[in-house]
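Numbers for residues simply follow the sequence, beginning at 1. Nothing here was measured: the structure is a model prediction, and the numbers come from that model. In listed order, ligands and their atoms are each counted from 1.
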Amino acid sequence: MKIISARVIVTCPGRNFVTLKIETDQGVYGIGDATLNGRELAVVSYLEDHVVPTLIGKDPRRIEDIWQYLYRGAYWRRGPVTMRAIAAVDVALWDIKAKMAGMPLYDLLGGRSRDGVMVYGHANGADLGQTVDAVGRYIDMGYKAIRAQSGVPGIAMAYGVGRGTLHYEPADAELPTETVWDTTKYLNFVPKLFEKLRDAYGFDHHLLHDGHHRLTPIEAGRLGKALEPYSLFWLEDITPAENQESFKLVRQHTTTPLAVGEIFNTIWDAKDLIQNQLIDYIRMTIVGSGGLTHLRRVADFASLYQVRTGCHGATDLSPVTMGTALHFDTWVPNFGIQEYMRHTEETDAVFPHDYRFEDGFLHVGETPGHGVDIDESLAARYPYKPAYLPVARLEDGSMWNW
Ligand code: EZ4
Ligand code: CO
């Protein structure tokens with residue numbers, strides 16, 4: 001069996017997606033996601049110029065060998081571009097293997113560990129009152145777990161506040177939007193939000209919050225401590241994790257569970273965090289972390305330390321990543337939760353899929369493979385449009401972490 005073609009498809013049904021389609025001499029094909037928000041074309045070039053030529057003629061059944069070939073063989077390891085390109089190939093090959101086996105992917109991974117995948121939705125509002133109402137709407141839709149992000153008094157554009165009610169898309173402009181950040185205002189506000197949410201809805205639902213890398217470790221410890229009475233499911237990306245050891249300081253001060261990892265690429269980004277039990281949930285997902293082949297190694301390693309999975313699932317991860325992640329979530333023994341930001345109708349139409357939401361859970365279908373396809377003629381109707389994530393500055397003009 002041979003790979004006869006590998007094509008990169010770029011489409012923008014509301015936002016940009018990069019998809020790899022691998023075709024074989026036996027008519028079976030596989031699909032993988034390679035989207036890197038705001039840096040899409042770098043991965044397109046990495047794939048088209050440097051990966052695709054090496055794939056032609058290879059046996060698609062040798063997933064592990066091809067993974068090692070692309071990882072070790074490049075000499076230059078790791079990084080968001082490389083690991084997304086590897087992920088796209090890896091997922092397309094798992095899709096092919098599962099289709100050949102006539103099995104939904106979760107079956108090939110080892111079978112079902114659970115009936116459904118608990119997801120959390122994104123409730124947000126421009127102020128405290130609107131955010132409280134938004135959480136109520138998610139409860140009414142059946143969600144068991146809800147992330148709450150709110151506009152902060154005195155901060156013009158806080159992270160996580162969308163324009164509509166169901167969709168949130170931060171990559172909003174042809175050049176990065178400038179936003180202004182102030183940690184003091186944020187720290188004074190967030191505990192009030194969660195106090196209000198628990199007053200309004202009680203303690204029956206899981207509540208989550210994303211700090212989006214804005215705090216220093218000691219500020220993160222202070223926020224975690226202040227939020228303890230409101231029993232969060234997790235506090236996410238509360239401080240940057242390049243220095244993994246810095247999470248020790250956060251941990252010393254709070255028992256609020258910590259989640260991090262949506263920007264990690266390999267197990268090495270999380271090794272100290274996991275083995276020192278400095279986090280509770282690892283946020284790496286399929287597309288950012290070298291595909292299923294690598295992510296399941298991360299999950300197995302994490303299971304030794306009772307760290308559970310919490311796959312990133314924002315809108316910049318295409319339905320291909322969402323579908324694949326759901327198969328992974330259905331199998332992985334140390335599953336925690338799955339992020340679920342709904343895609344727009346245009347995106348869903350370009351990527352027909354068989355996963356479905358019901359009562360706070362997502363369910364994978366029984367279609368052989370990962371269950372997500374791409375409608376190429378529809379995709380061709382939406383050409384690439386440059387779109388960047390915002391940047392953040394402090395009030396004095398210094399650059400900060402968006
Ligand atoms: O800002 O995926 O938890 N979710 C997030 C996302 C990220 C985007 C960046 O492309 O933090 O909203
Ligand atoms: Co996040």
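- Cation-pi geometry between K58 and Y69 is met: the NZ or CZ atom falls under 6.0 Å from the ring centre, inside 45° of the normal.
- Legend: protein N/O/S atoms lying under 2.8 Å from the Co ion (ligand 2), waters omitted, number 3.
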- Run the salt bridge (charged side-chain N to carboxylate O under 4.0 Å, His left out) check on K385 and E40 step by step: do they pass? CA-CA 10 Å; K385 264 182 31 200; E40 294 86 0; over 6 Å; no
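- Of all heavy-atom pairs between Q244 and L278, the closest is O-CD1, 3.7 Å.
- Checked against the 6.0 Å centroid criterion, the rings of H294 and W67 qualify as a close aromatic pair.
- For the pair R15 and F17, the cation sits on the ring face: its NZ or CZ lies under 6.0 Å from the ring centre, inside 45° of the axis.
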Please tabulate, one line per pair, the protein N or O atoms found under 3.5 Å from any N or O atom of ligand 1, giving the distance to one decimal.
unit_1: ligand 1; atom_1: 1 (O); unit_2: H212; atom_2: NE2; d: 2.8
unit_1: ligand 1; atom_1: 2 (O); unit_2: H312; atom_2: NE2; d: 3.1
unit_1: ligand 1; atom_1: 2 (O); unit_2: D316; atom_2: OD1; d: 2.8
unit_1: ligand 1; atom_1: 2 (O); unit_2: D316; atom_2: OD2; d: 3.3
unit_1: ligand 1; atom_1: 3 (O); unit_2: R147; atom_2: NH1; d: 3.3
unit_1: ligand 1; atom_1: 3 (O); unit_2: D210; atom_2: OD2; d: 3.2
unit_1: ligand 1; atom_1: 3 (O); unit_2: E236; atom_2: OE2; d: 2.9
unit_1: ligand 1; atom_1: 3 (O); unit_2: E262; atom_2: OE1; d: 3.0
unit_1: ligand 1; atom_1: 3 (O); unit_2: R283; atom_2: NH2; d: 3.1
unit_1: ligand 1; atom_1: 3 (O); unit_2: E339; atom_2: OE2; d: 3.0
unit_1: ligand 1; atom_1: 4 (N); unit_2: E262; atom_2: OE1; d: 3.3
unit_1: ligand 1; atom_1: 4 (N); unit_2: E339; atom_2: OE2; d: 3.1
unit_1: ligand 1; atom_1: 10 (O); unit_2: N37; atom_2: ND2; d: 2.9
unit_1: ligand 1; atom_1: 10 (O); unit_2: D316; atom_2: OD1; d: 3.3
unit_1: ligand 1; atom_1: 10 (O); unit_2: D316; atom_2: OD2; d: 3.1
unit_1: ligand 1; atom_1: 11 (O); unit_2: Y159; atom_2: OH; d: 3.0
unit_1: ligand 1; atom_1: 11 (O); unit_2: D210; atom_2: OD2; d: 3.0
unit_1: ligand 1; atom_1: 11 (O); unit_2: H212; atom_2: NE2; d: 3.1
unit_1: ligand 1; atom_1: 11 (O); unit_2: E262; atom_2: OE1; d: 3.1
unit_1: ligand 1; atom_1: 11 (O); unit_2: E262; atom_2: OE2; d: 2.7
unit_1: ligand 1; atom_1: 12 (O); unit_2: Y159; atom_2: OH; d: 2.7

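- Ring centers of Y186 and W181: under 6.0 Å apart, within the cut-off.
- Here the straight-line distance linking atom CG of L227 with atom CH2 of W234 works out to 15.5 Å at 0.5 Å rounding.
- Taking the side chain as every heavy atom from C-beta outward, R61 and K97 approach each other to under 4.5 Å.
- Proximity of Y120 to L207: side-chain heavy atoms (C-beta onward) are nowhere separated by under 4.5 Å.
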